[in-house]
Every structure is written in structure tokens, then in C-alpha cells.
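Sequential numbering from 1 along the given sequence is applied to the chain's residues. Both counts, for ligands and for their atoms, begin at 1 and track the order of listing.
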Amino acid sequence: MSILNIAIAGSSGRMGRVLLESVAQAPDMRLAAALERKGSPFIGKDAGELFGAPCGVFISEEMATALVGCHALIDFTRPEATLDHLQACRELGVNIIIGTTGFSVEQKELIADAGRDIGVVFAPNMSVGVNLSLKLLDMAARVLNEGYDIEIVEAHHRHKVDAPSGTALRMGEVVANALGRNLEECAVYGREGVTGERSPSTIGFATVRGGDIVGDHTVMFAGTGERVEITHKASSRATFALGALRAARFLAQRGKGLFDMQDVLGLR
Ligand SMILES: NC(=O)C1=CN([C@@H]2O[C@H](COP(=O)(O)OP(=O)(O)OC[C@H]3O[C@@H](n4cnc5c(N)ncnc54)[C@H](OP(=O)(O)O)[C@@H]3O)[C@@H](O)[C@H]2O)C=CC1
Ligand SMILES: O=C(O)C1=N[C@H](C(=O)O)C[C@H](O)C1
């Protein structure tokens, strides 16, 4: 069995800690580097302390040095940080798995372009369940293509900084594509005051933030006399981390190109 050397960005974050532990437990992977932002109080600490016992890998702020010899960087941070990390990976020929959400259209184009030089898996949700839900949504939208109002409701923990979630937006894109609509033109993000009647061509989004909710998504197809709802509820961040590890294994086989979790899971 060949061992994959994996680097983790944003090591001290909610996802970073789960990723460190998941890589440390994977028999076919070695935690080669744990990274944090410059000036982080975690620099120099043993990464193992973030999830349990010391592991001899010390948290670094030197991306370029740390990435030497790595097969892949897994990045769940913030858009600006991810784009810096992407550039370093591109220069060093290291594959990247991007779980970060909240990118602008222009930033997404930069990520897509990196696929010309390195392997990139970019997905707003790495869980198997959400990616299956995307397939179900495509099917549901094609069948319920008239007379059903589409509303997407998502709920996350109080620390989440972007809204709607990347997953909710991807769900909206899948439904809009299936219906031949452009999400940018038909999305309605929240309602307030005298809104008038709902326009049938819109896709509505509602956001809930509170407590420690890991991530809930529901897409509602509300018709006359019936309602279909497709719901996914994450109860542990391990589901996202294990998806990211699958993506790293996938890229080790596939080489350069831009992929998402539908490719990794063979759902395309
Ligand atoms: N695709 C998927 O399956 C999933 C995606 N996500 C996404 O992953 C991202 C991270 O989520 P979460 O772990 O909850 O967030 P956290 O805020 O807990 O972690 C973010 C980490 O990134 C670090 N960071 C922030 N800015 C920089 C920077 N400029 N340079 C280097 N490191 C930086 C933070 O360091 P510091 O604390 O010092 O700021 C922190 O360690 C979000 O975009 C979220 O939506 C989350 C779960 C699943
Ligand atoms: O910030 C989070 O926590 C999550 N973010 C992702 C998103 O924005 O879709 C995925 C997951 O729901 C958790």
C-alpha cells in the first residue's frame, strides 16, 4: 500500500481538528504537515494536542516549506486563505481538496483554472449523504417541474460566517439547472415586509444560525395538496472529513483536473 502524505490547512479550526484526527487514523495516510495562519497562537504546538495525544507534527505557518513532499493539501479555511494556499500548491505541484465555502464567481474561476496544473477537488459539502441528495434533487426537480414552489432552508452553528451555506447554494444550482433556470436570476434570499405573492419561477432561501448545529439542509417542493421535502442532517463533522480523505485518494489516482464530490463518489 502506498502512503499518501497529507497536509492540513486551518489545523486549529473546527474542521481542521477533525481532519487532523481522521488523517492520523487512516492506515494509508501520513500526517505530513499541519498549517495555520501567520501569527496563530498554535504555531509550534504539536498538532496531536488538537485532537488527543501528541503526534510529532508541529503546526507551521510556512506553507511552501511544509508542502514539500506532500501529495495533497486539504483546505477548509476562508476564501482568501484558500486562494493563497491554492497558489502555493500550483507552484509546487501539490493536489488540493477545497472544502471552504463563500467564494465569489471570480474566485471560483481562479480555482477552476488551477485544474490545468494540479488535481483539485472543490465541493461545498464532502458528505456522501449530501452528494446523494444532489442526485435526488435533480430527479425531483425534473418530475416536479410545474406547479411546485421550491424553497431551500438551511441551519448551521452560531459561528458560521457565510450565508446561505455553500451546500444550499449548490442545491439551488442543481434544481435551477434541472428546470432550465439561472439561479442568479431566480434566487430570493430571505423575505421581509409586504413582499407580494410568491412568483412561481423563484427559488427561495432561508437561513437559520444557532448553537452547535453541524449542518441541516431541506429542499421543499411545495405544490397544491402535497409537499415533497428532501432533507439531509449532518450530526458529526467526521462525515465531511472522511469525504475529504476520499477526495485525496481519488486525486492520487486521477492527477490534474478540476473535480467535485460527484466525481469522487462516482455519481456523475
Ligand atoms: N465542504 C464541506 O464539506 C464543509 C465545508 N466547510 C467550510 O469550511 C470552512 C471552515 O469551516 P470551520 O472549520 O467551521 O471554520 P473555523 O473558523 O473553525 O476554521 C477556519 C480555520 O481557518 C483558519 N484561517 C482563517 N483565515 C486564515 C488565513 N487567512 N490564513 C490561514 N488560515 C486561516 C482559521 O484560523 P484562525 O482561527 O486563526 O482564524 C481556522 O483555523 C468554512 O468555509 C465552511 O463553510 C465546513 C464543513 C464542511
Ligand atoms: O460551515 C459549516 O459548518 C459548513 N459549511 C458547509 C456549507 O457552507 O455548505 C457545509 C456544511 O453544511 C457545514
Under 3.5 Å: N/O of [X] near N/O of ligand 1:
X	answer
Pro124	yes
Lys160	yes
Arg14	yes

Quiz item: What's the verdict on side chain to side chain contact (heavy atoms under 4.5 Å, CB included) for Val120 and Asn95, showing C-alpha distance, side-chain angles and the deciding distance?
Solution: CA-CA 6 Å; Val120 180; Asn95 291 334; over 6 Å; no
With heavy atoms of [X] as the reference, note each atom of ligand 1 found under 4.0 Å away.
X	value
Gly99	1 (N), 2 (C), 4 (C), 5 (C), 6 (N), 7 (C), 8 (O)
Phe240	3 (O), 47 (C), 48 (C)
Ala81	27 (C), 28 (C), 29 (N), 30 (N), 31 (C)

Quiz item: Side chains of Asp75 and Thr100: donor-acceptor distance under 3.5 Å anywhere?
Solution: yes
Self-check item: No-hydrogen, no-angle side-chain donor-acceptor test under 3.5 Å, Thr202 and Arg198
Solution: yes
Nearest neighbour in protein (non-hydrogen) for [atom]:
atom	value
atom 37 (O) of ligand 1	Ser12 OG, 4.5 Å
atom 3 (O) of ligand 1	Met126 N, 2.8 Å
atom 44 (C) of ligand 1	Thr101 OG1, 3.7 Å
atom 4 (C) of ligand 1	Phe76 CE2, 3.3 Å
atom 19 (O) of ligand 1	Gly13 CA, 3.3 Å

Electrostatic pair [X]-[Y], nearest N-O below 4.0 angstrom:
X	Y	answer
Arg249	Asp28	yes
Lys45	Glu36	no
Arg237	Glu21	no
Lys108	Glu106	no
Arg268	Asp260	yes
Asp84	Lys38	no

Out of curiosity, [X] [atom1] to [Y] [atom2], how far, rounded to the nearest 0.5 Å?
X	Y	atom1	atom2	result
His156	His217	NE2	NE2	4.0 Å
Ile74	Ile97	CD1	CD1	5.0 Å
Leu258	Phe122	CG	CZ	8.5 Å

Quiz item: When you look at CG of Asp212, are more than 12 heavy atoms from neighbouring residues, nucleotides or ligands closer to it than 6.0 Å?
Solution: no
Exercise. For Ser40 and ligand 1, answer yes if some heavy atom of the residue is under 4.0 Å from a ligand atom, otherwise no.
Key: no
Quiz prompt | Trace of the salt bridge (Lys or Arg N to Asp or Glu O under 4.0 Å) decision for Glu154 with Arg209 | solution = CA-CA 9 Å; Glu154 58 100 338; Arg209 291 287 176 267; 2.7 Å; yes
Of [options], which has the heavy atom at the shortest distance from [atom]?
atom	options	result
atom 23 (C) of ligand 1	Glu36, His85, His159, Met261	Glu36
atom 22 (O) of ligand 1	Ile98, Asn125, Thr77	Thr77
atom 13 (O) of ligand 1	Arg78, Arg37, Met15	Met15

Self-check item: Which segment of Ser165 sits under 4.0 Å of ligand 1 when only heavy atoms are counted
Solution: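 Contact part for Ser165 vs ligand 1: neither.
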Quiz item: What residues sit with at least one heavy atom under 4.0 Å from ligand 2?
Solution: Thr101, Pro124, Asn125, His156, His157, Lys160, Ser165, Gly166, Thr167, Val214, His217, Phe240
